[in-house]
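These notes are about the structure you will find just below.
Computed from heavy atoms alone, side chains included, the values below leave out hydrogens, waters and symmetry copies.
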Amino acid sequence: MKARYINPYTDFGFKKLFGEEANKDLLIDFLNQLMPENQQIATLDFRNTENLNDLPEDRKAIFDLNCISESGERFIVEMQKAKIKFFKDRALFYTTFPIKEQSEKGDWNFQLNRIYYIALLDFFYDVNEEKAKVKREVQLKDQDCELFFDKLKYIFLQMPAFKKQEHELETRYDKWLYFLKNLEDFNEIPAILKEPIFEKAFQTAEIASFNAEQLESYQKSLLAYRDLVNMINTKYEEGYEQGIEQGIEQGIKKIAIRCLQQGMGVEVTMSITGLSLEKIEALQKQI
């Protein structure tokens, strides 16, 4: 049976749900479940997802979603489909861009607005049992575990750790994670999700409503996602305890080549695979 709704872990699916102007209310509602009550978001503006450092030789960063609230808070929101090397380093690097873009010319007192890096992960980035939580919030603290700086926060949602079933959902936050984790498997809207915001999300995600161009883009994105998942599963099933990261990296490069051969752009290929611009350009030369 063909799926009725999109897979939100695909590049196309994630941006269809949360990255379009018409669906900005979906993103705001989702993000508000992660924010404290006194920091709820009223409005959001999408910004350029491509950021460059000051010098042309510096590295380029491409985010899935880059947003700013009416009060100046910055949000980087990403869907990560596979564990990549130096994942935490990458998250830290990405938050340097919204820090730098707040600098003002002339006299400036260095006051910053809050910055949030939010990543939905289709994997465990920490396999230790005590760290395999659904949500991990990370902030700068001192040696006594007291908060040092409250304007930079990393929120990692390890989706494989979310196990709740429909009858166990208690909060709007639970409902959003349940929706995202199971969307592709739904044939109809569950009773507990029959609320206006989720009904709009289901309507947005219904594949039958796509035009021919959207359908083609989604199918390519879905194929790339499945190739990536199958490659990772195969590596683990074969028991690669040593050198597994190298094996995964080689597999991701093969997926990147397939994406490029199918006409996907550099930015889309970077978003799907997590490879750097330099590596994508090197693969283009090989092709």
Side-chain angles (χ1 to χ4, degrees), residues 8 14 17-47 63-80 91-92 94-95 98-99 101-102 110-121 125-126 130-142 144-159 161-183 189-202 204:
F14 183 67
L17 280 171
F18 291 132
E20 295 185 349
E21 192 72 25
N23 300 326
K24 195 183 293 182
D25 54 335
L26 301 181
L27 179 61
I28 291 173
D29 193 87
F30 172 68
L31 292 180
N32 276 336
Q33 311 318 307
L34 305 175
M35 299 294 106
E37 289 188 9
N38 64 344
Q39 295 176 25
Q40 293 291 285
I41 306 162
T43 62
L44 273 180
D45 287 325
F46 290 119
R47 299 170 68 83
F63 318 128
D64 285 345
L65 300 177
N66 185 15
C67 314
I68 183 170
S69 71
E70 188 176 22
S71 57
E73 296 168 308
R74 268 71 172 178
F75 296 87
I76 295 174
V77 188
E78 292 201 302
M79 175 69 81
Q80 288 295 327
L92 180 63
Y94 272 19
T95 54
I99 290 174
E101 72 179 13
Q102 293 186 58
F110 292 95
Q111 183 177 12
L112 295 171
N113 291 313
R114 284 188 171 88
I115 297 167
Y116 296 91
Y117 175 89
I118 299 167
L120 287 84
L121 312 178
Y125 81 86
D126 264 317
E130 70 276 10
K131 296 180 180 178
K133 307 169 185 176
V134 175
K135 181 167 74 170
R136 294 195 67 194
E137 296 188 1
V138 180
Q139 289 183 276
L140 294 175
K141 297 186 178 182
D142 65 15
D144 299 317
C145 253
E146 293 181 359
L147 188 62
F148 172 74
F149 187 66
D150 68 347
K151 292 183 178 180
L152 179 62
K153 180 181 283 189
Y154 300 86
I155 301 176
F156 302 99
L157 299 174
Q158 300 184 106
M159 296 300 289
F162 184 77
K163 306 292 186 181
K164 288 188 176 182
Q165 300 301 311
E166 183 175 350
H167 68 279
E168 299 174 295
L169 306 181
E170 299 176 353
T171 64
R172 186 73 151 260
Y173 165 77
D174 287 344
K175 292 177 182 179
W176 267 114
L177 295 195
Y178 181 72
F179 168 83
L180 290 170
K181 184 165 184 177
N182 299 289
L183 178 58
I189 303 177
I192 199 168
L193 297 182
K194 287 187 177 180
E195 303 174 21
I197 195 71
F198 290 111
E199 288 175 344
K200 179 177 180 179
F202 275 105
T204 301

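Between Tyr117 and Tyr154, the angle of the ring planes lies from 30° to 60°, which puts this pair in the tilted group.
With sequence neighbours excluded, the residues that form a ring pair (Phe, Tyr, Trp, His ring centres under 6.0 Å) with Phe18 are Phe14, Phe30, Trp176. Taking Glu199 as the reference, nothing meets the salt bridge (Lys or Arg N to Asp or Glu O under 4.0 Å) condition, with sequence neighbours excluded. For Tyr178, the ring pair (Phe, Tyr, Trp, His ring centres under 6.0 Å) partners are Phe186, not counting sequence neighbours. Residues passing the side-chain hydrogen bond (donor to acceptor under 3.5 Å, both in side chains) test with Lys175, sequence neighbours excluded: Glu195. With sequence neighbours excluded, no residue satisfies side-chain hydrogen bond (donor to acceptor under 3.5 Å, both in side chains) with Gln165.
Among residues at least two apart or in separate chains, salt bridge (charged side-chain N to carboxylate O under 4.0 Å, His left out) pairs with a member in residues 29-40 are Asp29-Arg172.
Between Lys151 and Glu73 there is no salt bridge, since none of the side-chain N atoms of the basic residue sits less than 4.0 Å from a carboxylate O of the acidic one.
Looking at Asp142, its side chain does come within 3.5 Å of a backbone N or O of Asp144 through a donor-acceptor pair. For the pair Asp45 (side chain) and Ile68 (backbone), a donor-acceptor distance under 3.5 Å is absent. Here the side chain of Lys164 pairs no donor or acceptor atom with the backbone of Asp174 at under 3.5 angstrom. Between the Gln158 side chain and the Val134 main chain, no donor and acceptor come within less than 3.5 Å of each other.
In this structure, CG in Asn23 is found 5.0 Å from NZ in Lys200, a value given to the nearest 0.5 Å. Interatomic distance, Leu120 CG to Glu78 CD, rounded to the nearest 0.5 Å: 10.0 Å. Here the CD1 atom belonging to Ile115 is positioned 6.0 Å from the CG atom belonging to Leu152, to the nearest 0.5 angstrom. Going from atom CD1 of Ile28 over to atom CG of Leu44 covers 4.5 Å, rounded to the nearest 0.5 Å. Summarising the geometry, atom CG belonging to Asn182 is positioned 8.0 Å from atom CZ belonging to Phe162; distances are rounded to the nearest 0.5 Å.
Cation-pi geometry between Lys135 and Tyr173 is satisfied (NZ or CZ under 6.0 Å from the ring centre, within 45° of the ring normal).
Donor-acceptor pairing under 3.5 Å is lacking for the side chains of Tyr116 and Glu137.
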